[in-house]
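Bear in mind that the values here come from a model prediction, so they are computed numbers and not experimental data. Proteins get letters first, then strands, A, B, ... in listed order; numbering begins at 1 in each.
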2 protein chains.
Amino acid sequence: MSHTLGIRQAQKQKTRQALLDAALALLEEQSLSSLGLREVTRAVGVAPTAFYRHFRSTADLGVALVEEALGSLHPMIRTTVSATGDPEERVARAIDLIARHVDGYPAHVRFIARERHGGVQPVREAIREQLARFAQEVEVELAEDPVSRGWGEGDLLMLAHLYVDQMLSTASLFLEVLEGPEEERADRTRHVTQLATRQMRLIGLGRQHWLD
Amino acid sequence: MSHTLGIRQAQKQKTRQALLDAALALLEEQSLSSLGLREVTRAVGVAPTAFYRHFRSTADLGVALVEEALGSLHPMIRTTVSATGDPEERVARAIDLIARHVDGYPAHVRFIARERHGGVQPVREAIREQLARFAQEVEVELAEDPVSRGWGEGDLLMLAHLYVDQMLSTASLFLEVLEGPEEERADRTRHVTQLATRQMRLIGLGRQHWLD
DNA sequence: ACATGCAGTTAACAACCGTTCTCTGGAATT
DNA sequence: AATTCCAGAGAACGGTTGTTAACTGCATGT
């Protein structure tokens, strides 16, 4: 099934990826709506016109970045909220997974947090779609938990959205820690972990007593 | 105490406010990091160099916009979460207040949601500070509720932050409705109201059972 | 009445932007 | 071996940007 790409196409994908990487790096200090096409090509070391061989515009590149940042995250989501182990352990596992992800892909996390409400409409739309998919997958996982026995139609989805928002908020907090001075990192990581743990725990309690 | 401003200073504040208004309008379709100084002055009808009489840079203007958008919100916060009436009524009142605020100041809400994680560091910092103040005020209000009897030190603040995040998230959803087509507005407003109500209710339940 | 202060104007600068058109060299196809 | 295809290069375009300097006119304080 996997056909070896020709030298031609392989080289093209390589510069395409270089453009995406350079853009992501440049977006650490600005928003997508101010990212220039020449700025990106300059960072890669190619002519400005080469950009058009891969993307119609920087907004188009932004949509591609959304796929890269969120598309590969779906398999992880299910295990994050999977219903194995006691509640307390599940919370700890989920937060640990978030922290690891932020550590591994800080630029991706920043990009999503920044452009979710950013100034480029197609990118906002793409993020909205992906997050809605996440919520649906979380919903499926939540439905399998005995605690959700007898829940109404919209109730599961509203809890799923609450969880997704909470994950993003927590990821953003971990990112802020990562951006701060290194000597405060350990303390602040503990602090954020504690805060997120309590919030998750409280939401879990509300979940348990939903049908009262 | 209120000293009548001279013609001089009054006119200055007038153009300053015009710059802020124009910037806010321009920021509906882009992020602050791509907002040009000339763009703003052109919209007001004033020379580009006049900008410097009021702001050092567009980032500086952004910080001023944060004050305008959030500074006047503090008195409202307390009444929003004040502990009067039964829980169900309080939730409805809070969400109604949020909806009204989004309706009255949509551009302010969009600006805060967009620039909270935006590409301009001083503005992010200013928003972070204001939101932290909000959380503190919410904490004070929560402490007066009998339900919070016996809560630990950090617990109240973590709940306060959860509420603040929830308010912002809800406001953002109402804003999306406002940006959509008019014929869907009524339905989608009901939908968002219902979603936010359930989430608030669930958090309230978690709050009631926190000390188990 | 006169001198000062200062919000806003005018003009000019070098630097940057997105986009178009033309060209080239080497991989892909025949 | 000859031909086609196409990722990337090069040059040029009209237009925009932030910033500087020197100015004007009017409200202000003496």
Here the gap from A/Leu97 atom CG to A/Thr80 atom OG1, rounded to the nearest 0.5 Å, amounts to 4.5 Å
When rounded to the nearest 0.5 Å, the distance separating CG of A/Leu142 from CZ of A/Arg207 is 5.0 Å
Whether the [X] and [Y] side chains hold a donor-acceptor pair (N or O, under 3.5 Å, no angle test) is what I'd like checked.
X: B/Gln130; Y: B/Glu67; result: yes
X: B/Ser34; Y: A/Ser34; result: no
X: A/Gln166; Y: B/Gln166; result: no

Rounding to an integer number of Å, can you tell me how far [X] [atom1] sits from [N] [atom2]?
X: A/Gln13; N: C/dA27; atom1: CD; atom2: C1'; value: 16 Å
X: A/Gln11; N: C/dG25; atom1: CD; atom2: C1'; value: 14 Å
X: A/Lys14; N: C/dA27; atom1: NZ; atom2: C1'; value: 16 Å
X: A/Arg16; N: D/dG8; atom1: CZ; atom2: C1'; value: 17 Å
X: A/Lys12; N: C/dA27; atom1: NZ; atom2: P; value: 17 Å

- OP1 or OP2 of C/dA7 less than 4.0 angstrom from a side-chain nitrogen or oxygen of B/Thr15, does that happen here? no
For nucleotides 9-18 of chain C, 5' to 3', base contacts (B), sugar-phosphate-only contacts (S) and non-contacts (-) with protein non-hydrogen atoms under 4.0 Å give BBBB----BB
A/Tyr105 and A/His108 aromatic ring geometry - parallel, tilted or perpendicular at 30°/60° bounds: parallel
Are any protein N/O atoms closer than 3.5 Å to N/O atoms in nucleotides 26-30 of chain D? If there are, list each pair with its distance.
| unit_1 | atom_1 | unit_2 | atom_2 | d |
| --- | --- | --- | --- | --- |
| D/dA27 | O3' | B/Arg8 | N | 3.4 |
| D/dT28 | OP1 | B/Ile7 | N | 2.7 |
| D/dT28 | OP1 | B/Arg8 | N | 3.3 |

Between B/Leu37 and B/Thr58 the two heavy atoms that sit nearest each other are N-CG2, 3.9 Å
Hits for side-chain hydrogen bond (donor to acceptor under 3.5 Å, both in side chains) against A/Arg78, two or more places apart or cross-chain, chain-then-number order -> A/Glu141
